[in-house]
4 protein chains.
Amino acid sequence: MAPINLFEYEALAQQHMAPVTWDYFQGGSDDEVTLRNNRNAFESIRLRPRMLIDVSDVQMQTNVVGVPVNMPILVAPMSAHMLVHPEGELATARGTGQAGTILTVSTFSTYTIEEIAAAATGPLWLQLYLTRTMEATGSLVRRAEDAGYRAIVLTVDTPRTSRRERDVRNNFLIAKAARSANFVEAPGSDPVTIQQSRHITGTWETLDWLRSLTKLPILLKGILTAEDTLLAMEHDIQGIIVSNHGGRQLDGAIESIVALPEVVEAVAGRCEVYMDGGIRRGTDVLKALALGARAVLVGRPVIWGLAVNGSEGVRSVLELLRAELEMTMMLAGQPALASIDRSLVKLL
Amino acid sequence: MAPINLFEYEALAQQHMAPVTWDYFQGGSDDEVTLRNNRNAFESIRLRPRMLIDVSDVQMQTNVVGVPVNMPILVAPMSAHMLVHPEGELATARGTGQAGTILTVSTFSTYTIEEIAAAATGPLWLQLYLTRTMEATGSLVRRAEDAGYRAIVLTVDTPRTSRRERDVRNNFLIAKAARSANFVEAPGSDPVTIQQSRHITGTWETLDWLRSLTKLPILLKGILTAEDTLLAMEHDIQGIIVSNHGGRQLDGAIESIVALPEVVEAVAGRCEVYMDGGIRRGTDVLKALALGARAVLVGRPVIWGLAVNGSEGVRSVLELLRAELEMTMMLAGQPALASIDRSLVKLL
Amino acid sequence: MAPINLFEYEALAQQHMAPVTWDYFQGGSDDEVTLRNNRNAFESIRLRPRMLIDVSDVQMQTNVVGVPVNMPILVAPMSAHMLVHPEGELATARGTGQAGTILTVSTFSTYTIEEIAAAATGPLWLQLYLTRTMEATGSLVRRAEDAGYRAIVLTVDTPRTSRRERDVRNNFLIAKAARSANFVEAPGSDPVTIQQSRHITGTWETLDWLRSLTKLPILLKGILTAEDTLLAMEHDIQGIIVSNHGGRQLDGAIESIVALPEVVEAVAGRCEVYMDGGIRRGTDVLKALALGARAVLVGRPVIWGLAVNGSEGVRSVLELLRAELEMTMMLAGQPALASIDRSLVKLL
Amino acid sequence: MAPINLFEYEALAQQHMAPVTWDYFQGGSDDEVTLRNNRNAFESIRLRPRMLIDVSDVQMQTNVVGVPVNMPILVAPMSAHMLVHPEGELATARGTGQAGTILTVSTFSTYTIEEIAAAATGPLWLQLYLTRTMEATGSLVRRAEDAGYRAIVLTVDTPRTSRRERDVRNNFLIAKAARSANFVEAPGSDPVTIQQSRHITGTWETLDWLRSLTKLPILLKGILTAEDTLLAMEHDIQGIIVSNHGGRQLDGAIESIVALPEVVEAVAGRCEVYMDGGIRRGTDVLKALALGARAVLVGRPVIWGLAVNGSEGVRSVLELLRAELEMTMMLAGQPALASIDRSLVKLL
């Protein structure tokens with residue numbers, strides 16, 4: 001029987017993935033405290049549904065930094081999709097497009113961003129790490145712009161890749177296990193060592209440099225505090241993605257859904273706010289929207305879908321979540337995104 | 001040995017019910033978070049019993065929207081009792097009447113509301129879903145009035161039936177598994193598809209239409225917020241049942257017992273307030289009364305009693321709960337319902 | 001090896017007691033929520049120990065309603081000690097006296113209060129239930145006074161004996177299992193039925209009647225609220241024992257240690273305040289003293305000691321607890337009872 | 001494979017240690033509530049990492065009461081290292097020095113403080129118990145000063161050694177199991193009985209006496225309250241170590257990390273504040289620093305390292321923790337100790 005929810009995809013995916021690959025995608029840093037908390041935090045939020053509202057027609061289309069999508073659910077950037085399916089990001093892009101939403105392609109994709117764009121059936125964003133040299137980074141941005149990517153998502157929580165102990169125990173090096181397609185052609189580059197190399201630490205000035213390179217919308221991924229939000233507002237950025245990198249960077253970091261309200265408050269409407277981390281149910285999406293997110297991003301569940309059934313699995317995972325959100329909006333008396341606000345939740 | 005509490009009835013009932021039927025009645029939506037929370041929330045409420053009060057004569061008779069009952073414990077509406085006992089709602093009605101309280105008959109009963117009324121030994125309420133057409137719905141209301149039903153309980157939390165994953169996995173469709181007796185005779189109706197069909201979404205205006213159809217008291221079942229309570233007060237209704245549909249509609253919805261105080265406060269005495277969801281002990285009833293409920297409704301335990309022993313099982317379950325409430329009132333120093341108030345509980 | 005703490009006595013006692021007897025003493029009412037909470041509540045209280053205080057000489061002698069004791073730890077009333085040891089209350093009285101503290105003899109002792117007084121090596125209190133008739137109750141008070149009992153402990157939380165489901169399942173009736181020695185000689189009495197009979201419900205006026213019978217100090221056992229404390233202050237009583245009957249009466253009742261502060265505050269120094277419920281460690285005693293108890297009472301652990309080794313077991317249990325309290329007072333920088341106050345604890 | 005974190009050292013160490021020795025070092029007092037809470041308290045603290053800060057060069061050197069160290073992680077005093085490795089404190093001192101930090105040598109070391117100083121490759125502090133006589137204690141202080149120790153850490157939470165039930169059950173006496181090297185040569189002393197003997201209870205005046213003996217910095221170890229901190233500020237001391245003795249003294253005592261803020265606030269910058277208790281991860285260190293600790297001390301993990309691999313194990317444990325702290329500071333956007341403050345944490 002086909003999986004009926006994302007947790008069933010998770011169980012099934014484990015059977016389709018090599019154990020070390022499974023560990024790479026599932027794991028978090030250190031004791032995986034944040035990984036667990038991300039999920040548990042949703043359960044402590046209660047919904048306050050409204051009744052006797054006409055929900056016969058639920059509208060969940062929105063636009064995200066100007067790009068129209070069918071639902072407020074996007075695909076988060078993740079490296080190396082080829083590890084779980086030979087078609088890798090090509091399949092993910094097709095499945096995501098069929099679901100009517102956006103794939104955020106990782107800097108460390110296993111197909112080039114151009115190959116992915118060619119295969120895609122929907123809009124794409126490029127996730128950007130500051131790696132190696134400013135030149136290499138800048139070149140990737142320009143290539144993305146040329147290939148029709150619609151926004152740049154700058155990951156700011158990874159001045160260094162955290163230690164993920166499952167990978168250490170497995171002697172698993174992502175840079176050895178998967179090619180880094182985007183850099184393989186650059187003269188003098190070595191795909192094996194790229195991700196292992198010391199990252200270039202970005203600073204707030206990096207944003208201005210990035211802004212000078214491209215006219216695409218820029219989103220910062222990895223902000224977790226009001227303080228950093230206020231600093232971000234001093235630069236020309238279009239969105240913030242509240243994220244702790246799926247519990248894969250600083251273990252013990254605050255849960256995304258817990259950090260979301262303070263970021264939303266600090267933004268005060270000056271740019272769009274997104275979140276990722278722990279979304280597995282339509283009710284999770286609704287809670288994030290209620291706390292001020294314009295949309296959410298899902299990561300691991302998309303990899304599960306990809307592992308189980310390629311592009312069709314990706315589409316199915318996203319459609320399941322979309323159907324759950326639709327049902328949830330109906331049952332909560334929210335036929336449109338616009339009416340969803342903080343009063344819909346109670347934090348116990 | 002006869003079951004000595006409701007939990008023992010639960011265990012016994014499972015042996016009397018087909019697994020798919022068991023899952024249908026026991027289950028909740030999605031991850032069953034609200035189902036569990038409904039129950040757990042009672043454990044976090046502490047009782048503050050009073051001493052040295054004459055409790056030799058405990059009075060728990062009350063009246064509910066004008067109907068006298070022996071105890072502040074009513075039977076919640078549930079579909080398709082015939083699935084657990086051939087006499088279905090006829091037996092439930094007899095057992096409930098013997099216990100001196102009210103059965104709320106479901107729109108989707110497996111005997112007609114007239115058959116149930118003929119078998120009943122006590123007062124009945126009719127639970128109303130807005131299904132199919134306004135005409136069919138209105139017809140049912142008039143039939144209920146003719147058959148002597150004492151109130152209409154309009155369920156407002158089901159603009160669509162939620163996805164209950166146990167049923168999905170079991171490939172169980174209630175509309176196929178059980179006849180919908182009340183509609184089978186209507187020309188052109190098809191009992192198999194009624195419950196599956198898109199519900200008519202009610203709105204606040206529906207209340208005025210319903211009011212125009214009948215002079216019976218109207219109760220709204222499924223209100224969980226002060227906001228909706230205030231809207232309800234603008235209409236001619238006689239009662240609100242605080243309910244999350246036993247954790248079967250919006251998963252993650254606030255626990256009934258947690259929502260109860262804000263509804264009671266918003267009502268400010270203008271109509272009666274009831275609650276259901278998680279009542280398994282006399283102490284649970286007392287906690288709900290202390291937080292402002294005029295009475296509580298119990299659902300699944302009545303099905304357990306019906307499955308185990310027909311009408312006698314129903315009566316026994318209700319009598320067990322009644323005896324527990326009596327003991328509880330004695331031990332809490334509350335010989336009468338009138339004195340029970342908020343000071344009896346402490347929320348930790 | 002001899003038990004080194006009360007929990008080891010508990011484990012050992014189970015081997016010395018018939019299962020139904022074990023259940024009778026260990027169990028609580030309904031779901032045993034209060035039984036568990038009584039214990040767990042202590043773990044949520046943190047101690048704030050003070051340093052660099054001379055604790056070479058710890059003083060823990062005190063007096064309780066005027067009776068000097070070696071430690072602020074007394075023995076709580078419990079029925080039917082003969083069920084766990086043939087010498088019953090005689091042994092308990094000897095062991096308790098050897099430990100230098102007070103035994104509270106139950107109305108339902110299995111030796112007469114006179115026999116117990118004759119065997120005792122220390123002071124005794126009489127626990128009083130209002131049973132059968134005022135005459136029988138009054139007679140017991142006068143006999144206690146004649147036999148040299150030092151105080152009357154009126155239990156006020158038992159207008160009816162709660163339903164303890166372990167006993168129901170075991171078909172165990174304490175009144176059949178154990179003789180009620182104090183009433184066996186009364187003309188027309190029937191020890192089998194005394195405890196089963198409907199209790200006389202006491203009221204606040206009962207206190208004045210009791211006061212008129214005896215000049216002994218009167219303590220009320222079972223008060224859990226500030227409201228009842230204030231009412232008690234209108235009568236001539238000398239002490240209040242904050243208690244939920246060891247989780248054996250109203251299940252869901254507030255934990256004794258949680259209720260203690262509000263009772264202490266309401267008393268405002270006008271009488272002595274005690275508590276029982278969940279004391280198993282010297283640190284528990286210290287926490288109760290910090291929250292305003294003059295002394296604590298322990299129940300089940302004394303029965304464990306009695307079951308394991310008669311009077312010597314009782315003495316050993318009490319000495320273990322005394323030694324723990326002494327160590328605890330040293331480590332907390334509290335060489336005397338007088339300095340122990342609320343600042344010693346933090347409620348998280 | 002070499003252990004990759006401290007928990008793996010823990011598991012490995014158990015295989016290298018005799019069970020009774022394992023219990024001695026691992027255990028806490030009574031029910032080990034504080035032992036567990038010390039650890040759990042860290043998980044309830046959330047980190048609020050900052051982004052887009054140049055963390056390419058993390059500086060974690062600091063000085064502690066004037067002594068430069070490579071990291072804000074010191075080694076806590078523990079008795080009898082020889083029980084887990086024949087080279088005992090000599091190896092610990094070498095490994096700690098190689099890691100660039102300070103070993104706090106216990107009064108009850110199994111090599112003399114002079115032998116340890118001779119073997120040491122880094123600075124040492126002397127932990128001081130007030131035992132036997134003032135003369136013996138004073139003599140030890142002077143010997144430490146002569147041997148080049150850099151500070152005196154006076155343990156104030158041990159007026160008496162608590163009862164550790166694992167040891168009682170194992171019939172394990174540390175004073176019999178291990179020699180107390182520092183006193184063995186003193187005329188008339190008996191190393192077997194030293195630790196068993198009634199401790200001399202120190203008082204606040206003891207500080208002035210100690211101050212008169214030595215010009216070394218004095219730190220008080222075992223303070224847990226603002227009240228005691230304020231008293232300490234009336235004496236000439238240079239540091240406070242917030243500690244509950246690793247859960248080995250007063251069970252139920254407040255967690256060190258929970259007590260830390262009130263001590264820091266009471267100190268108000270007048271001396272340095274440290275903490276120990278439950279540190280197992282770099283993120284734990286960062287949380288303690290954020291709450292005001294100048295550095296932390298680790299105990300059991302160092303014993304694990306020593307048991308597994310002597311001085312090299314000690315060095316490895318400290319280096320693991322150092323590397324984790326470095327990574328943590330990077331990921332939290334804190335390239336220097338000076339910027340770390342309370343805003344880095346959120347207490348849920």
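As a basis for the values below, the full set of heavy atoms in this structure was taken, side chains included, without hydrogen atoms, waters or symmetry mates. Here is how names work: the chains are called A, B, and so on, in the same order as the sequence lines, proteins then strands, and each is numbered from 1.
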D:Q61, CD atom: more than 12 neighbouring heavy atoms under 6.0 Å: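 Check passes, neighbour count above 12.
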Are [X] and [Y] close enough that some pair of their side-chain heavy atoms sits under 4.5 Å apart?
X: A:E262; Y: D:R48; answer: yes
X: D:T328; Y: A:L250; answer: yes
X: D:P49; Y: A:D157; answer: no

Considering only heavy atoms, which portion of [X] lies under 4.5 Å from any heavy atom of chain D: side chain, backbone, both, or neither?
X: A:V156; value: both
X: A:T206; value: neither
X: A:N37; value: side chain

Atom group of D:F7 that falls short of 4.5 Å from chain A, counting heavy atoms: side chain
Segment of D:T283 engaging chain A (4.5 angstrom heavy-atom cut-off):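 Just its side chain gets close to chain A.
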Euclidean distance, D:E324 CD relative to A:S162 OG, rounded to 0.5 Å: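 That separation rounds to 9.5 Å.
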Atom of A:T201, atom of D:S56 and distance for their closest heavy-atom approach: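 So the two residues come closest at OG1-N, 3.9 Å.
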Top contributor to chain D interface from [options] [non-hydrogen pairs under 4.5 Å]:
options: A:L224, A:L220, A:D228; result: A:D228
options: A:R169, A:H245, A:R163; result: A:R169
options: A:T34, A:L231, A:D31; result: A:D31

Partner chain A: residue of D:N5, D:L286, D:I45, D:L47 with the largest heavy-atom pair count (under 4.5 Å): D:L47
D:E8/A:E165 under side-chain contact (heavy atoms from CB on, under 4.5 Å): CA gap, chis, key distance, verdict: CA-CA 11 Å; D:E8 290 196 358; A:E165 299 193 344; 5.6 Å; no
Chi angles and distances behind the side-chain contact (heavy atoms from CB on, under 4.5 Å) call for A:D251, D:R281: CA-CA 10 Å; A:D251 199 34; D:R281 284 285 190 188; over 6 Å; no
Per-residue contacts, residues 340-348 of chain D versus chain A, heavy atoms under 4.5 Å: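 From residues 340-348 of chain D, the residues near chain A are D:S343, D:K346, D:L348.
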Test side-chain contact (heavy atoms from CB on, under 4.5 Å) applied to A:T225 and D:R50, step by step: CA-CA 7 Å; A:T225 62; D:R50 304 296 302 275; 3.8 Å; yes
CA sep, side-chain torsions, deciding dist, call: A:T203, D:I53, side-chain contact (heavy atoms from CB on, under 4.5 Å): CA-CA 5 Å; A:T203 63; D:I53 291 167; over 6 Å; no
